[in-house]
Amino acid sequence: MRASRFFIATQKEAPAEAEIVSHKLMMRAGLIRRLAGGIYTWMPMGLRVLRKVETIVREEMNRAGAVELLMPAVQPFELWEESGRGPKYGPELLRFKDRHQRDFVIGPTHEEVITDVVRREVKSYKQLPRHFYQIQTKFRDEIRPRFGVMRGREFLMKDGYSFHSSYADLEREYRSLYETYTRIFTRLDLKFRAVAADTGSIGGTGSHEFHVLADSGEDAIAYCPDSDYAANVELAEALEPTGACAAATQPMQKIATPGKTKCEDIASLLSLPLQRIVKAIAVMRSEGGFALLLLRGDHDLNEVKAQKVIGEFRFAKDEEVEQALHCRPGYIGPVNQQAALFVDRSVAKMSDFVCGANEAGHHLTGVNWDRDLSMTTAVIADIRNVVAGDRSPDGKGCLELCRGIEVGHIFQLRTKYAEALKCQFIDEQGKEQVMEMGCYGIGVSRIVGAAIEQGNDDRGIVFPAAIAPFEVVIVPMGYNKIDAVRAAADKLLEDLQSRGIDAILDDRDERPGSMFADWELIGVPHRVVVGERGLKEGKLEYKGRLDSDVQMLPMADIADFMKLRIG
RNA sequence: CGGGGUGUAGCGCAGCCUGGUAGCGCGCUUGCUUUGGGAGCAAGAUGUCGAGAGUUCGAAUCCCUCCACCCCGACCA
């Protein structure tokens, strides 16, 4: 490739709307351009990266025995009614009508469509198992698209679906895809971690997420450095504190705490650690009305866990709190009131604690279970987020926290969709059975953002060689002026290409500084400079994107050298 | 959906408070010089000041409505 025929669209400044480093760099390097909120054009330079990611994913999926197909982006809404997922997916599902007033959606995912395909095509246990996948543009009408392609509304996804005659066979495929995903992210040269995950709206049991580790990630991951335990914080279990509840040593006392509505305020007022304060969170349950959730002051509510314990709920409005407890928010507590109590495990083991007095401007100190309030009707459960230092659920050490960008997700869907859509087969005994299903997703476009989030410096992107838009850039000093330079650069391009190396020759009439800056911004991993100075000694100049120094190499050796480097 | 913020040239921004000729830097065009780390000089082009309605002799500036975008939260892969 020659730069003069390609399209390079670098910019010195990123648009103000770009917040995180990968978004800024993708804009500056001319990889993407925004068309509308969360909707981007992949410019030629960016498309090369996207295609390289796609190729690795495709090769590994094929290797795992999955078969590629391509389903329509536009789907009839009836399928979503049939699966029962239409209402649940809600406004994120982009719906529209055709000229005959029939309802359609733009597919955010394809469980319904693939299940429809398989129920029509596959009738016998002899045709199972099957695994189909596609790499396709999806649309999800996100409430708040952000971070460029990391959370776009339109995005490229690899989605695969497997069908089985037994759960055991689904488990086998699930383990196999776990290995496949590990291979994919290893080949992409990303720092990643597989974590146990909540199954979310898609349902089913058994699920792992693959996260690229990055501080800007939207997900919190809990992991144990001393074992292989790792889970999304949404799911990670907070164990019961060890030891028994300490005996009461203080009487319960009401103290004035005017204006102190936050746990932190109370803690500093009383010179107590935050761990001695209990906060009460008021919620309205879909079934059963008002309830109080009790958490230690330094802990945060985990809504996913809480929902599993108490059912659907929302936070109570201020008026609802006043109505139920005759006290305004900020001073509410569990003592002397009738609301249903859901108590976090850690709170159940506390003694001599501080909580709201259900009287404006007052809190209670020295509160103890049994003596001051009953635990008999309370539900004790794990409803908080784990924090660093908590015991690992596998008992092998303590948890650490880090942040991740979810780039892959594998689910055991079991029979959820097969049942709803009557996707059945005839088994060896001639009996009709519902198929077991798995599904496996990779956010192809998100990977590009995640890779840049992980690989960048003050000069720009540092792409892993596997997905860089070009493997090598040839930068001549005076291509259009000096015949010897031109000849050497042209020959090098030919040599590299004949060895299957993806090289670009920057034959633009730019100044050296601009060319260097452009290619460092774009993140091409290898650079060869062709200059008159070196040519006099028959040498060219090599520099890796992260190298601090250049190497002078004999012209004759450079193609082999590059081949060795790139592998 | 709630709270906050921003919309002025392709990009980054000033001007707005206190109404009166629409500006700066980068980029772009042309010429000359320059040519190993984002060149210099000179000349030039580019605007529905987000949209609509209003106040006013006069609106980028004041008022109202709407739209878009960003951040925080809620929500969600």
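Residue numbers start from 1 in every chain, and the chains themselves are labelled A, B, ... in the order their sequence lines are given, proteins ahead of strands.
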Let me know the distance between CG of Asn232(A) and C1' of C76(B), rounded to the nearest Å. 13 Å
May I have the distance from Asp518(A) (atom CG) to A39(B) (atom P), rounded to whole angstrom? 11 Å
Gap between atoms CD1 and C1', on Ile482(A) and U35(B) respectively (whole Å): 9 Å
Between P on G27(B) and CZ on Arg33(A), what's the gap in Å once rounded to a whole number? 16 Å
OP1 or OP2 of G27(B) less than 4.0 angstrom from a side-chain nitrogen or oxygen of Lys12(A), does that happen here? yes
Mark yes or no: Arg527(A) above the aromatic ring of Phe516(A), with NZ or CZ under 6.0 Å from the six-membered ring centre and no more than 45 degrees from the axis. yes
Whether Arg95(A) engages the ring of Phe77(A) as a cation-pi pair (distance to the six-membered ring centre under 6.0 angstrom, angle to the ring normal within 45°) should be assessed. yes
Taking a pair to mean Watson-Crick or G-U wobble geometry with both distances below 3.5 Å, A68(B) pairs with U6(B)
Please determine, for G73(B), whether a Watson-Crick or G-U wobble partner exists with both distances under 3.5 Å, and give it or none. C1(B)
Salt bridge Asp506(A)-Arg508(A), side-chain N to carboxylate O under 4.0 Å: yes
List the protein contact pattern of nucleotides 66-75 of chain B with one symbol per nucleotide (5' to 3'): B for base contact, S for sugar-phosphate-only contact, - for none; contact means a heavy-atom distance under 4.0 Å. ---SSSB-BB
Does the side chain of Pro108(A) reach to within under 4.5 Å of the side chain of Trp80(A), using non-hydrogen atoms? yes
Using residues 477-486 of chain A as the side-chain source, report each donor-acceptor pair under 3.5 Å to any protein atom, sequence neighbours left out, with the distance given to one decimal.
unit_1, atom_1, unit_2, atom_2, d
Tyr479(A), OH, Arg2(A), NH1, 2.8
Tyr479(A), OH, Asp490(A), OD1, 2.6
Tyr479(A), OH, Asp490(A), OD2, 3.3

Reckon Arg511(A) has a side-chain N or O less than 4.0 Å from the OP1 or OP2 of U35(B)? no
Report the distance from atom CG of Leu93(A) to atom P of C76(B), rounded to the nearest whole Å. 15 Å
Counting neighbours of CD on Glu532(A) that are heavy atoms of other residues, nucleotides or ligands and sit closer than 6.0 Å, is the number greater than 12? no
